[in-house]
Amino acid sequence: MHGATNQPWRVAVVGAGPSAFYATEALFKALGDGVRVDMFDRLPVPYGLVRGGVAPDHQNIKGVVKVYEKIAANPGFRFFGNVKLGRDVQVADLADHYHQIVYAFGCESDQKLGLPHEDLDGVYAATDFVGWYNGHPDHRQHRFDLARARRVAIVGNGNVAMDVARVLLSSAERLAGTDIAEHALAVLRDNQAREVVLLGRRGPAQAAFSPKEIEEIAELPDTDVVVTPEEAALDPLSEQWLESAPRSQQRNVKFVHEQAERGEGEGSRKLRCRFKVAPVELRGPDGRLSGVRIQHMELVAGDDGTPRPKAIDRYEDLQVDLLFKAIGYKGLPVPGVPHEPKKGIVPNDAGRVLEQPGGAVVTGQYVVGWCKRGPTGLIGTNSPDAKATVEQMLADREGDRHLQPTRDDLGPLLHERGVFVVDWSDWQRLDAWEQKAGAERGQLRHKLPSIDEMLTVIRELRGR
Ligand code: NAP
């Protein structure tokens with residue numbers, strides 16, 4: 001049993017997205033009122049990608065915050081919003097105040113294609129677009145030239161590509177009543193995109209979208225999902241691979257084949273799913289994207305037998321007005337926290353932080369969510385993932401392998417440093433304010449686009 005038996009066990013969780021809440025929940029379940037969890041976020045608002053990533057027309061998914069609200073209602077929970085690790089507080093400060101630290105800061109950046117001219121006007125990271133339409137303060141400055149877009153390419157066919165395609169193919173009216181950012185809705189009202197071309201480098205059997213997500217696009221009014229019979233067809237390797245692939249992949253293949261049979265359709269909006277193609281050249285002689293050269297691929301078995309794309313000598317030129325890269329998120333280094341640059345994650349052994357990949361365990365430091373395993377999986381994936389890390393934490397607590405804090409409340413230190421800490425009741429007041437301001441505008445929620453504006457309203461609400 002750990003040495004400090006009479007003191008509550010103190011845990012700092014850095015990040016306030018799904019994996020942070022699931023780790024907190026697992027700690028409360030295991031240790032009851034014997035644990036205090038302080039959750040930190042650099043933003044004044046919680047919920048990570050549920051607020052800033054899940055698309056505004058997916059309110060059913062955003063509804064998961066009800067679960068997080070219940071977790072936050074535990075008397076052992078405190079929120080430290082607007083507190084950034086590496087700026088307002090250092091890892092050494094946390095080690096001075098907590099028995100254990102859990103990193104749950106996700107993957108904040110995007111993968112690059114590595115092609116020349118990736119910085120042309122009209123070439124965007126899907127992650128920026130997602131943050132922008134969701135009112136994330138980091139992304140308010142982006143400009144998306146949707147008024148000049150008729151044909152848009154999206155590289156990658158994961159669920160982020162689906163979200164971007166769906167938003168681009170939706171009418172502004174469909175999005176208007178949601179919690180979409182006001183600045184985004186104004187631009188989307190002029191959106192001219194009528195054709196979205198999805199560039200998947202592998203075949204339909206390996207498509208990264210979930211069946212529900214692609215099916216939802218086919219259900220949009222006046223919209224067809226179009227696939228050519230040639231690209232819908234499976235190669236022998238994929239046929240064989242599909243037999244033992246997850247059911248979702250089989251459902252995707254069935255859907256793609258049905259769409260190929262339907263042909264072009266009558267709708268004025270099209271999602272063209274291309275398979276076994278990847279961009280090799282971005283063109284835009286006057287600094288603005290005007291086209292993309294794509295190269296065809298064939299699939300070959302990788303070391304583990306999984307079909308991998310291999311370029312063949314066949315090219316096509318597509319005229320496109322805009323291109324979104326939806327090829328995944330990437331984790332950034334956080335000061336004082338070990339970082340594995342290639343994978344963009346915190347090196348770890350089943351959730352225990354390591355000094356470097358394969359290196360020694362860093363006592364008392366743990367990781368959950370995307371910064372543990374990389375940017376994969378649905379929101380629910382983070383629950384078992386966080387529980388697995390908490391198992392390690394509990395074992396280390398029992399084994400007396402933990403930090404030796406000398407102080408018990410970080411609040412005074414942050415106060416001394418002049419940090420404006422947003423606590424949970426501040427957030428609850430802002431939450432109510434956002435919903436009321438939204439209702440006045442015919443929306444579910446009105447999000448303030450900058451941290452400064454959020455803090456101003458929080459100050460005002462404190463004064464009432
Ligand atoms: P993802 O699912 O990993 O998809 C990335 C896509 O980019 C894949 O099609 C991948 O192809 C392709 N790609 C990667 N590198 C490429 C390159 N250099 N050139 C061309 N294509 C490339 O990632 P994501 O869409 O960012 O989503 C992240 C996670 O969040 C996923 O688990 C997703 O399911 C989840 N999510 C869920 C929802 C939802 O449920 N509604 C919404 C958004 C996100 P390969 O497969 O060949 O690597």
Side-chain angles (χ1 to χ4, degrees), residues 17-19 48-64 106-115 118 123 125-131 133-134 153-167 197-217 238 241 245-246 248-249 252 256 273-282 292-300 302 304 306-311 323-331 342-345 369-382 385:
S19 64
L49 278 181
V50 174
R51 181 179 164 105
V54 174
D57 59 338
H58 275 179
Q59 291 297 322
N60 53 339
I61 301 180
K62 286 191 193 262
V64 72
C107 294
E108 288 199 299
S109 189
D110 60 293
Q111 297 281 358
K112 310 287 178 253
L113 282 170
L115 296 177
E118 221 166 311
V123 177
T127 52
D128 288 340
F129 188 57
V130 168
Y133 65 56
N134 264 317
I154 304 180
V155 186
N157 60 17
N159 286 331
V160 168
M162 291 294 107
D163 285 344
V164 171
R166 200 178 60 257
V167 167
V197 186
L198 207 62
L199 305 175
R201 63 181 171 178
R202 298 193 286 161
Q206 298 84 26
F209 47 67
S210 300
K212 255 180 69 185
E213 304 304 314
I214 186 80
E215 287 161 15
E216 190 179 346
I217 295 189
S238 293
W241 180 78
S248 56
Q249 301 305 126
N252 279 346
V256 166
C273 295
R274 301 291 313 265
F275 292 103
K276 294 200 276 181
V277 291
V280 284
E281 200 180 320
L282 303 169
V292 55
R293 168 161 270 217
I294 56 175
Q295 185 168 15
H296 286 248
M297 305 280 141
E298 63 181 9
L299 295 177
V300 295
D304 60 356
T306 306
R308 303 296 320 159
K310 182 169 170 255
L323 179 140
F324 289 84
K325 298 172 279 176
I327 58 172
Y329 285 77
K330 181 141 201 232
K342 204 157 167 245
K343 293 187 183 165
I345 61 169
W370 279 8
C371 61
K372 170 186 178 185
R373 64 176 196 277
T376 60
L378 307 179
I379 291 170
T381 314
N382 293 300
D385 168 284

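When a ligand or atom number is given, it counts from 1 through the structure's own listing order. Quick note: residue numbers are just sequence positions, from 1.
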What protein heavy atom sits nearest [atom], and how far off is it?
atom                    : result
atom 22 (C) of ligand 1 : I327 CG2, 3.4 Å
atom 46 (O) of ligand 1 : R202 NH2, 3.0 Å
atom 5 (C) of ligand 1  : A326 O, 3.8 Å
atom 26 (O) of ligand 1 : V160 CG2, 3.4 Å
atom 1 (P) of ligand 1  : G158 CA, 4.3 Å
atom 28 (C) of ligand 1 : P375 O, 3.5 Å
atom 34 (O) of ligand 1 : N159 ND2, 2.9 Å
atom 23 (O) of ligand 1 : G328 CA, 4.2 Å

Option set [options], criterion heavy-atom distance to [atom], minimum:
atom                    : options                : value
atom 9 (O) of ligand 1  : I61, I379, N157        : N157
atom 42 (C) of ligand 1 : L378, V155, D163, L113 : D163
atom 18 (N) of ligand 1 : R201, K330, H58, Q111  : R201
atom 12 (C) of ligand 1 : G377, G156, C107       : G156

Proximal atoms of ligand 1 relative to A208 (non-hydrogen, under 4.0 Å):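 Every atom of ligand 1 under 4.0 Å from some heavy atom of A208: 2 (O), 4 (O), 8 (C), 9 (O).
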T376 neighbourhood, listing ligand 1 atoms whose heavy-atom distance to it stays under 4.0 Å: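 Counting atoms of ligand 1 from 1, those under 4.0 Å from T376 are 32 (O).
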Heavy-atom side-chain contact between N159 and L378 under 4.5 Å: yes
Any side-chain heavy-atom pair of R274 and H296 under 4.5 Å: yes
contact_flag A278 ligand 1 heavy-atom lt 4.0 Å: no
Do [X] side-chain atoms and [Y] backbone N/O form a donor-acceptor pair below 3.5 Å?
X    : Y    : value
Q249 : A205 : yes
D385 : G369 : yes
R202 : P307 : yes
N157 : F209 : no

Worked verdict on K62 versus N134 for side-chain contact (heavy atoms from CB on, under 4.5 Å): CA-CA 12 Å; K62 286 191 193 262; N134 264 317; 3.2 Å; yes
F209 contact mode with ligand 1 (heavy-atom cut-off under 4.0 Å):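 Neither part.
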Sub-4.0 Å protein heavy atom near atom 32 (O) of ligand 1: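 So far as the 4.0 Å threshold goes, atom 32 (O) of ligand 1 is in reach of a protein heavy atom.
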Test salt bridge (charged side-chain N to carboxylate O under 4.0 Å, His left out) applied to K112 and E118, step by step: CA-CA 8 Å; K112 310 287 178 253; E118 221 166 311; over 6 Å; no
Exceeds 12 heavy-atom contacts within 6.0 angstrom, atom NZ of K310: no
Worked verdict on R166 versus E213 for side-chain contact (heavy atoms from CB on, under 4.5 Å): CA-CA 9 Å; R166 200 178 60 257; E213 304 304 314; 3.8 Å; yes
Closest non-hydrogen atom pair between C107 and C371, with its separation: SG-N, 4.5 Å
